[in-house]
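Only one structure is covered here, and it is reproduced in the block below.
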Amino acid sequence: MTPPVPVADAIGVDHMRWQCSRCAALSPVGDLRYACTRCRWSGRLTLVIDYERVGAGRSPGDVLLTGEHSLWRYARLLPVAAGGGGARRVRSRYVAGWTPLHRADRLAHRLGLGRLWIKDEAANPSGALKDRASVVAVADALDRGRDVIATASSGNAGAALAGAAAAVGLRCVVFVPRGTPPAKLTQISRYGARVLVVDGDYDDAVRLSTAACRRWGWYCRNTAYNPCTAEGKKTVALEIVEQLGWSAPDAVVVPVGDGNILVGVHRGLCDARAMGWIDRMPRLIGVQAAAAAAVHRAWAEGAADVRPAPARTRAESINVGEPQDGFRALAAVRDTAGIMVAVEDEEIFAAVDRLAAESGVYPEPASAAGAAALPALVTRGELGSTDRVVLLNTGSGLKAAPSAVGGGAIPVAADLRAVAAAVMADAADTDGEADLDELEQKW
């Protein structure tokens, strides 16, 4: 039997380096670098791991911290020392990850898919996938002795950071754009963060928050700019393949704004493949709103990089005009022979209701973008009756409830006939007149 990986060989970070995604320059993980300082692109940093040191070729049980039912079970693949003070503090106080993977048989049957699962990130502490990025960033900030942590956010990242910061006692500042949903503002504020509503869009909030962190020395958690964000998010992909019995699905469908979640999913799959835990890479299918489709446009044009584009979707979590991780997102899609898709806002908001009614998972509009794309993907032959597909639900619908106009709530009088008329409306006569027994029989 192969002996387990010695803990001392894997809980540090000396077997890892940051590498610029543009110029390939390497730097130590111990250095606090947000982006490459050696090239004109300020390239995003990708974690390079000496997989042999971690235990490539050995069974997952020899490498994972199997007693951890959180993202920290993959600690030996993360850029934060598992035994460090920051990781110990946050992992015991703000438990993120190890979220459920639901079978969505009804939806799969209607669409004509072989099998469909929904990875439900709404089960994280703040109700969104962004908890994964924030806990790793908070652990890193603690290890570096920082006492203020800040981020720009359209809502979810800010709530995740504020919650994790509250759990460990860090001061937190969150920059949100004008028009952020009230539910998200309330959640961030209740965690005790200082919430600054920027007179501008998300891209303005990113620029202002980055400038503030530089001026006052705050730890910056900004998506993609901080390389820990993609590394935290990659754990969702590791969980998916583990929950499928260390088997790769045929495709993973991911909503795209900045592109950082898509990059994170790709990073996790690359780790699993390099460790020998899966034997092939799933196709990555990135989905954007047509009203904020900078990454999709670059992919359709065959461009190597993403140019800024107008962003006017009502799905505010993916309303990004200048994607912070567009370059790596394009590379991830192409590396897996995947595709980018754009869907209209009307399709997105209709998909919120369909996904909730047919799966029991209530997504926020940005999350529903993936579900909105599925019918066209099947019609075009991109997905079919033999495909095993995972749909990523990145956040709870409760976080953006005011955006879902209507909802179908029906006021009723306090009697059974009113209940029957409302519930069994299809069985009523055109004039709405029917007694209770007749309604019951027809329904």
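Heavy-atom basis, side chains included; hydrogens, waters and symmetry copies ignored.
- Residues Lys184 and Ser317 have side chains in contact (heavy-atom distance under 4.5 Å, counting atoms from C-beta outward).
- In the model, Thr37 has a side-chain atom that pairs as donor or acceptor with a side-chain atom of Arg33 under 3.5 Å.
- Looking at every heavy atom in both residues, Pro255 comes nearest to Thr394 through CG-CG2, 3.7 Å.
- A distance of 6.0 Å separates CG in Asn319 from OG1 in Thr313, rounded to the nearest 0.5 Å.
- In this structure, Tyr34 contributes its side chain and Cys220 its backbone to a donor-acceptor pair below 3.5 Å.
- Residues Asp250 and Val389 form no side-chain contact, since every pair of their non-hydrogen atoms from C-beta on lies 4.5 Å or further apart.
- A donor-acceptor pair under 3.5 Å links the side-chain atoms of Arg267 to the main chain of Leu47, judged by distance alone.
- Within the 4.5 Å cutoff, side-chain heavy atoms of Tyr219 are placed close to those of Asn226.
- Of the charged side-chain nitrogens involved, none lies within less than 4.0 Å of a carboxylate oxygen, so that Arg207 and Asp203 do not count as a salt-bridged pair.
- Between the side chain of Arg283 and the backbone N or O of Ala337, at least one donor-acceptor pair lies under 3.5 Å.
- With salt bridges taken as basic N to acidic carboxylate O contacts below 4.0 Å, one links Arg53 and Asp14.
- Within the 4.5 Å cutoff, the side chain of Glu121 has no heavy atoms near those of the Lys130 side chain.
- When side chains are defined from C-beta on, Arg58 does not count as touching Met275, because their heavy atoms never get closer than 4.5 Å.
- Between Cys23 and Cys36, some side-chain heavy-atom pair lies under the 4.5 Å cut-off.
- Looking at Lys234, its side chain never comes within 3.5 Å of a backbone N or O of His266 through a donor-acceptor pair.
- Arg328 and Thr46 get closest at one heavy-atom pair: NH1-OG1, 2.8 Å.
- A donor-acceptor pair is defined here as one N or O able to donate and one able to accept, closer than 3.5 Å; such a pair exists between the side chain of Gln288 and the backbone of Val295.
- To the nearest 0.5 Å, atoms CG (Leu284) and CE (Met340) are separated by 10.5 Å.
- In this structure, Asp305 and Arg22 have side chains that are in contact, with non-hydrogen atoms separated by less than 4.5 Å.
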Is there a side-chain hydrogen bond (donor to acceptor under 3.5 Å, both in side chains) between Ser126 and Asp131? Walk through the geometry before answering. CA-CA 7 Å; Ser126 76; Asp131 280 312; 2.9 Å; yes

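- Note that Arg314 lies in the cation-pi zone of Phe349, set by a 6.0 Å cut-off to the ring centre and a 45° limit from the axis.
- Here the closest heavy-atom approach between residue Met281 and residue Cys270 is recorded as CE-SG, 3.9 Å.
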Please assess Lys119 against Thr99 for the test side chain to side chain contact (heavy atoms under 4.5 Å, CB included), listing each intermediate value before the final yes or no. CA-CA 7 Å; Lys119 180 62 169 167; Thr99 55; 3.0 Å; yes

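- Note: Ser367 OG to Leu392 CG = 7.5 Å, rounded to the nearest 0.5 Å.
- Arg91 places no side-chain N or O within 3.5 Å of a backbone atom of Trp72 that could act as its donor or acceptor partner.
- The backbone N or O of Glu358 lies less than 3.5 Å from no partner atom in the side chain of Arg110, so there is not a single donor-acceptor pair.
- Proximity of Pro28 to Trp18: side-chain heavy atoms (C-beta onward) are nowhere separated by under 4.5 Å.
- Heavy-atom minimum distance, Ala122 versus Gly395: CB-C, 4.2 Å.
- For the atom pair CG (Leu355) and CZ (Arg106), the distance works out to 11.0 Å, reported to the nearest 0.5 Å.
- Between Arg132 and Glu231, none of the side-chain N atoms (NZ, or NE/NH1/NH2) sits under 4.0 Å from a carboxylate O, so this pair counts as no salt bridge.
- The OG atom of Ser154 sits 9.5 Å away from the CD1 atom of Ile318 when rounded to the nearest 0.5 Å.
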Pair Ile339-Trp299, side chain to side chain contact (heavy atoms under 4.5 Å, CB included): steps then yes or no: CA-CA 8 Å; Ile339 59 172; Trp299 177 83; 3.6 Å; yes

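- Cation-pi geometry between Arg73 and Trp98 is satisfied (NZ or CZ under 6.0 Å from the ring centre, within 45° of the ring normal).
- Checking side-chain atoms of Asp353 against main-chain N and O of Ala350 turns up no donor-acceptor pair under 3.5 Å.
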Acceptor/donor pairs from residues 156-179 side chains to any protein atom, 3.5 angstrom cut, sequence neighbours excluded:
from	atom 1	to	atom 2	distance (Å)
Asn156	OD1	Lys399	NZ	3.3
Asn156	ND2	Glu364	OE2	2.5
Arg171	NH2	Asp147	OD2	3.4
Arg178	NH1	Asp199	OD1	2.4

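- Of all heavy-atom pairs between Arg221 and Ala133, the closest is NH2-CB, 3.3 Å.
- The ring-ring contact (aromatic ring centres under 6.0 Å, His included) contacts involving residues 268-292 comprise Trp246-Trp277, where partners must be two or more places apart or lie in separate chains.
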Listing, residues 257-265 side-chain donor-acceptor contacts under 3.5 Å, not counting sequence neighbours, or none:
from	atom 1	to	atom 2	distance (Å)
Asp258	OD1	Gln324	N	2.8
Asp258	OD2	Tyr202	OH	2.5
Asn260	OD1	Thr229	OG1	3.3
Asn260	OD1	Lys233	NZ	2.8
Asn260	ND2	Asp325	OD2	2.8

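- In this structure, Ser396 contributes its side chain and Gly127 its backbone to no donor-acceptor pair below 3.5 Å.
- Of all the heavy atoms in Leu383 and Ala251, the pair that sits closest is CD2-CB, 3.9 Å.
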